[in-house]
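These numbers were taken from a predicted model, which means no experiment stands behind them. When reading the values below, keep in mind they use all heavy atoms of this one structure, side chains included, and skip hydrogens, waters and symmetry mates.
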Amino acid sequence: MTSSTTLGMPAMPAREERAVAAGISFTSGHHFSLRDGVDASALAEAATVPLSVIVQVTKRCDFGCVFCSETFQLPDPSLGQMERLRDNLAGVPRVFLSGGEPLLRRDLIDIVEMFTGFIIGLPTNATRGVAMAPRLAGKIAFANIGFDGPRATFRRVRGDYDKVMTGVRAFINAGIPISLSAVVQRSGLHGLPYLYQIADVLDAGKLKLILPLRKGNALGMDEREFISTDEARATFEHLTELRSIHDWHPAVRLTPWTASTEGHMIVIEPDGNAHAWPVYDQPDLFLSLGNLLEEPVSQIWQRYPYKASHYAKYLGRSIHAAARSPL
């Protein structure tokens, strides 16, 4: 195994599991885990709030990824509005402070500190990692960095590989755990083993793989780029076989778009509108649930029709998932 120390990078902070609810913990692979013998469906029925919510702190982004689904712009929420959203998320274990690109907000540190007490995941492209990572140290649970493959693949679908890798190393140097997140296209399948090895070398907690959705920029993608659910399963099986051969440690999770994963995410837009996502028969894949500026998430959860899908996905029951292996 190649460790981060041999590459001249500091050792990552110790990873510990964190209990978040009866029978559920948040793991070193940056995902939830269900204790053996616990019924996920029963937990979903008994729950009063979601396990995880995505809060878009901005719609702005400095990249133009070919698969991006979030191209419709809205004004950034004010700090006062963010406080209201935080208050109305009471009881939710994990919050993703997402975008757009959240690092573009000059007041992001104020927002992050506002959400102290939540498990904070920060989805980012890391282009401003050098400037922002030292200020985020100790304030977020992990950075979830968009990273789609080796240099040629990355440049084709996302942008400047070397700038992002510099940002990734800035997060690592600041002691912030990272995961890598990739959107899987047919033309990039050959690069996924290299991506998994990159994740291992960087000591990422998780390699997260999702399929593109037909929304935003992805409406212009060639239809051949969308792989089938059977191909997704075969891709996952190939990666886990290679993981066993090469002793790669990061968790790997691949989410196909099926009936079991429909609507599993709850997304809060900058104007407070809450949506189940993706809902396949909706024109923009959003099913409106209410507005988090106006009511607590517990009320939104009551009318949310995908509770079982939400729990099944985040607990790894409806997706392809392999836990992080011990170092």
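- Shown here for His30 and Arg94, the closest heavy-atom pair between the two residues is O-NH1, 3.4 Å.
- With hydrogens and angles ignored, the 3.5 Å screen pairs a side-chain donor or acceptor of Thr261 with a backbone N or O of Thr258.
- One N or O on the side chain of Asn291 and one on the backbone of Asp271 form a donor-acceptor pair closer than 3.5 Å.
- Phe96 carries Lys208 over the face of its six-membered ring, with the cationic atom under 6.0 Å from the centre and within 45° of the normal.
- When every heavy atom of Phe118 is checked against every heavy atom of Val92, the shortest pair comes out as CD2-O, 3.1 Å.
- A donor-acceptor contact shorter than 3.5 Å links the side chain of Trp301 to the backbone of Ala47.
- Taking 4.0 Å as the cut-off between side-chain N and carboxylate O, Glu45 and Lys307 do not count as a salt-bridged pair.
- Here the closest heavy-atom approach between residue Ile319 and residue Leu254 is recorded as CB-O, 3.4 Å.
- Pairing each heavy atom of Pro50 with each of Ile266, the nearest pair is CG-CD1, 3.8 Å.
- Arg135 and Lys139 get closest at one heavy-atom pair: O-CE, 3.1 Å.
- With respect to the salt-bridge test (charged N to carboxylate O, under 4.0 angstrom), the residues Glu223 and Arg186 do not qualify.
- No donor-acceptor pair under 3.5 Å is formed between the side chain of His264 and the backbone N or O of Tyr314.
- A donor-acceptor pair under 3.5 Å is formed between the side chain of Glu101 and the backbone N or O of Asn125.
- Residues Trp277 and Leu213 come closest through the heavy atom pair CZ2-CD1, 3.4 Å.
- Residues His320 and Thr240 form no side-chain contact, since every pair of their non-hydrogen atoms from C-beta on lies 4.5 Å or further apart.
- Within the 3.5 Å criterion, the main-chain N or O of Thr153 finds no donor-acceptor partner in the side chain of Tyr161.
- Put simply, the side chain of Asp148 gets close to the backbone of Val183: a donor and an acceptor are under 3.5 Å apart.
- A distance-only check finds no donor-acceptor pair linking the side chain of Gln81 to the backbone of Leu293 [under 3.5 Å].
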| task | Under the side-chain contact (heavy atoms from CB on, under 4.5 Å) rule, what do Asn144 and Ser98 come out as? Steps first, then yes or no, please. | result | CA-CA 10 Å; Asn144 190 60; Ser98 186; over 6 Å; no

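- For the residue pair Asp230 / Ser228, no side-chain donor-acceptor distance below 3.5 Å is found, with atom types taken as modelled.
- Within a 6.0 Å radius of OH in Tyr194, no more than 12 heavy atoms belonging to other residues, nucleotides or ligands are found.
- Checking side-chain atoms of Arg317 against main-chain N and O of Leu315 turns up a donor-acceptor pair under 3.5 Å.
- A donor-acceptor pair under 3.5 Å is formed between the side chain of Thr124 and the backbone N or O of Ala126.
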